[in-house]
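Everything on this sheet refers to the single structure shown next.
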Amino acid sequence: MGGDNKLKVTGINISEMFKYTFNEHFNAVATFGYNTNNATRDIQRTSIDWYNYAGTRKVMTNPQQEESNYIKSNSQTDLYTLNAYANWTQTFADKHDLGVMLGTQYSFKEYDYTTTKAKNILPSLGIINGIGEVTLVNDNNKGPEKWQEALLSYFARVNYDYLSKYLLEGNFRYDGSSKFQPENRWAFFWGVSAGWRLGEEAFMKNLNIFDDLKLRVSYGTVGNQGGIDRYDGIQLYNFNQNKGALIGDEKISYIDTNGKLLSMDREWETIQNYNIGLDFGLFGNRLKGTAELFWKVCENMLIDVSYPATLGDKAPTANVGSFKANGFEGNLNWSDKIGKVGYSIGGTFTYTTNKLTDNGGSATITDGVRSDREGYPLNSVFGLKYVGKIQNEEQLEKYLYRYTGNNTIDMPTNLRLGDNMYEDVNGDGQIDTNDKTAIGYSTVAPEIYYNIHLGVEWKGLGIDAMFQGTGRYSGVLSTKSMYKPLVGNTTISQYYYDNRWTPETAGTAKFPALSSTSNANNYNTNTLWMFDRSFFKLRNIEVYYNFPKAMLTKTKLLNAAKLYVRGVDLFSFDHLDESDPEVFGATNPLNRSIVAGLSVTF
């Protein structure tokens, strides 16, 4: 389609900070911010005359002039922020340090979007026009939209330490969100932490082992309003212009709900956080490290609730779920010098897992990525167990005889050679939702994350490298055209084509046989389409040279200068062909880059 698509974006960002010191013990800070963004889009779609190959004869006009259109839309987003707090500190008897902070934080955001679409236009005009139908929606059927949201918080912090060895801190906040109803709008959250610098104790110094040793413990609650829409407590309606029943010469306009039931009783999720940590330093602090244990508990998690389908609209989430999470994190770093060569080596390791302990009684079993299955981690994958492809007529006949009429997975009666077969997990002679089991880890975040860094420098010449890896991490190969053909195979990747099932590739084929239909049987969520998303990458490596300070001083201009060559993602060990496991998809191969540059500081 011919025409034009123009987008104009403007923005203003203002941030001002004011600080006033009353005396050496007391000061106040206030930060004001304003951000506005405006986007205007003009889209013209004009009719096109199509000619034969020689260009001598017009064969058609598509789209017709009556379907040409002009869409003009405008959106504006305004954000106002305020953050103000006061600090007071005092030392008593040279041993007791006390600090208090009191403050407030406010943010207000509003959004306004309008659009107009007119048909049968005169493209030569530079403004929206048209003698055909005029509607207030764009191509995605999105019409005017306007909303506001606000968050107001009051917070406080109290710090105390004795001889810099015994540390205590309390944090308190009272948060209110416009997303909740007035009776549930506000919630109080608090936390307390304590630290003991064991390395400062005489009995530890006498051991002459640790240069630094600190024990930390903490408990705190935080709030979460994710998953709450701005107006969930108000029944919203959509106005559908000229989309109803045909009465007379025109379709009537009508009002319908927005597809969701309202909720009046939802409240802040409250997450309880526990933490125990140890910081240490050995061998003249050449070896430093930390080790932490942490766990979380939430007893009022927002979760989808099953209601009778006769309600019609989507049921709201409710604070009826519970989950727990726990994990371990540690890091270790060694840095030293051998003569004039400085070097360092270190790494971090994190393991985190979670489990939904109560799903509010929902018994619905569906496949795909789920966060509502009791006893399993959030964002786990559920599906069928793939047991191979149908390889011969005998196998086809037996499979059809057993499961035709005994399945709820859209298995066609004209199943073919090369199509997928699935396991009857519970052995009841059927393949249905009861056979959909956990078939993977989280698709959102890995349970295991680690990195390793190395560095060496000699007289300004050095090399730094960072390796990163993940474990217990799953992905679903659902990208259309890359790992699954579009309906009728209208678009298919060379990768799929080369690995499809045929009688000649029956023993080695990864993917099912091609089909001229959607063939839902083959593309049910199942273990064939799962892959191990873990990887080990050389995230970045840099070879550099820092110019000597004496040389730069002579220029009377430069304070620092570094010449470098840097590589990013130069290699990856993973389990996925053709794509990057971090952002896998049809257009996301592993991107490698090498950059050379000069960095200077004046």
Side-chain angles (χ1 to χ4, degrees), residues 9 11-13 32-41 73-83 104-116 136-155 173-189 221-241 254-271 298 300-307 311-321 360 371-372 378-379 444:
V9 179
I12 298 175
N13 185 29
F32 302 89
Y34 172 68
N35 180 278
T36 182
N37 287 280
N38 185 281
T40 302
R41 185 180 291 275
S73 62
N74 179 269
S75 66
Q76 180 164 327
T77 305
D78 293 298
L79 175 65
Y80 306 83
T81 60
L82 166 66
N83 187 31
T104 184
Q105 186 174 15
Y106 175 72
S107 67
F108 175 80
K109 188 176 184 179
E110 59 182 346
Y111 174 80
D112 192 355
Y113 174 83
T114 58
T115 183
T116 304
L136 300 179
V137 296
N138 58 21
D139 281 345
N140 298 319
N141 205 34
K142 178 182 178 181
E145 181 181 2
K146 187 173 184 178
W147 52 258
Q148 297 176 336
E149 63 181 24
L151 181 67
L152 176 61
S153 303
Y154 302 98
F155 55 87
R173 62 183 303 122
Y174 191 52
D175 294 326
S177 172
S178 63
K179 293 184 177 182
F180 297 100
Q181 293 303 291
E183 57 270 23
N184 298 321
R185 180 158 296 164
W186 292 90
F188 177 72
F189 306 101
T221 61
V222 295
N224 177 44
Q225 58 175 332
I228 301 291
D229 289 338
R230 298 175 186 89
Y231 304 107
D232 280 351
I234 302 173
Q235 184 62 66
L236 301 179
Y237 296 91
N238 293 328
F239 175 69
N240 297 280
Q241 183 180 10
Y254 66 95
I255 296 176
D256 193 9
T257 69
N258 66 338
K260 297 188 297 183
L261 297 173
L262 63 84
S263 173
M264 303 292 291
D265 58 356
R266 281 187 284 190
E267 59 186 22
W268 286 85
E269 283 185 351
T270 300
I271 302 171
C298 179
N300 65 339
M301 175 183 174
L302 284 164
I303 195 170
D304 288 328
V305 180
S306 297
Y307 286 91
L311 290 176
D313 287 341
K314 183 181 185 302
T317 56
N319 295 95
V320 296
S371 293
D372 57 0
L378 306 181
N379 300 299
V444 175

Side chains of Gln76 and Asp78: donor-acceptor distance under 3.5 Å anywhere? yes
One should read off an interatomic distance between Arg185 CZ and Leu151 CG, to the nearest 0.5 angstrom, of 11.0 Å
Are the side chains of Ile271 and Thr221 in touch, meaning some heavy atoms are under 4.5 Å apart? no
What distance separates Phe180 CZ from Met264 CE, expressed to the nearest 0.5 Å? 13.5 Å
Check whether Asn224 reaches the backbone of Gly226 with its side chain - one donor and one acceptor, N or O, closer than 3.5 Å. yes
Heavy atoms only: give me the nearest Ser178-Ala150 pair and the separation to one decimal. OG-N, 2.9 Å
Determine whether Gln148 and Phe108 make a side-chain contact, defined as any pair of heavy atoms from C-beta on separated by less than 4.5 Å. yes
Scan side-chain atoms only and decide if Ser177 and Gln225 contain a donor-acceptor pair under the 3.5 Å cut-off. yes
Under the side-chain hydrogen bond (donor to acceptor under 3.5 Å, both in side chains) test against Arg266, which residue among Asn300, Thr317, Asn319 passes? Thr317
Given side chains that start at C-beta, do those of Leu302 and Ile228 come closer than 4.5 Å, heavy atoms only? yes
Got Lys109 and Trp147 here, is their nearest side-chain heavy-atom distance under 4.5 Å? yes
What's the separation between atom CD in Glu149 and atom CZ in Arg230, rounded to the nearest 0.5 Å? 4.5 Å
Do you see a donor-acceptor pair shorter than 3.5 Å between the side chains of Ser73 and Asn138? no
With under 30° as parallel and over 60° as perpendicular, where do the rings of Tyr34 and Tyr80 fit, or are they tilted in between? tilted
Val9 side chain near Asn38 side chain, heavy-atom distance below 4.5 Å: no
Is there a side chain to side chain contact (heavy atoms under 4.5 Å, CB included) between Tyr106 and Leu152? Walk through the geometry before answering. CA-CA 5 Å; Tyr106 175 72; Leu152 176 61; 3.9 Å; yes
Heavy-atom check, side chain of Thr36 versus side chain of Thr77, under 4.5 Å: no
Might you point out which heavy atoms bring Thr270 and Cys298 nearest each other, and give the distance in Å? O-SG, 3.6 Å
Ser153 side chain to Arg173 side chain, donor-acceptor N/O pair below 3.5 angstrom: yes
Do Lys179 and Asn184 have side chains that get closer than 4.5 Å, going by heavy atoms? no
Check whether Tyr113 forms a cation-pi arrangement with Lys142 (NZ or CZ under 6.0 Å from the six-membered ring centre, at most 45° off the ring normal). yes
Does any part of the side chain of Leu82, heavy atoms only, come nearer than 4.5 Å to the side chain of Phe32, both counted from C-beta? yes
Could you pull out all residues at least two apart from Phe155 that satisfy ring-ring contact (aromatic ring centres under 6.0 Å, His included)? none
Mind checking whether Tyr174 and Trp186 have parallel, tilted or perpendicular rings, split at 30° and 60°? parallel
Look at the side chain of Thr114 and the backbone N and O of Pro144, then say whether any donor-acceptor pair between them is shorter than 3.5 Å. no
With a 6.0 Å cut-off (strictly less than), is the heavy-atom count around OH of Tyr111, excluding the residue itself, greater than 12? yes
Nearest-0.5 Å distance, OG of residue Ser263 to CD of residue Gln235: 11.5 Å
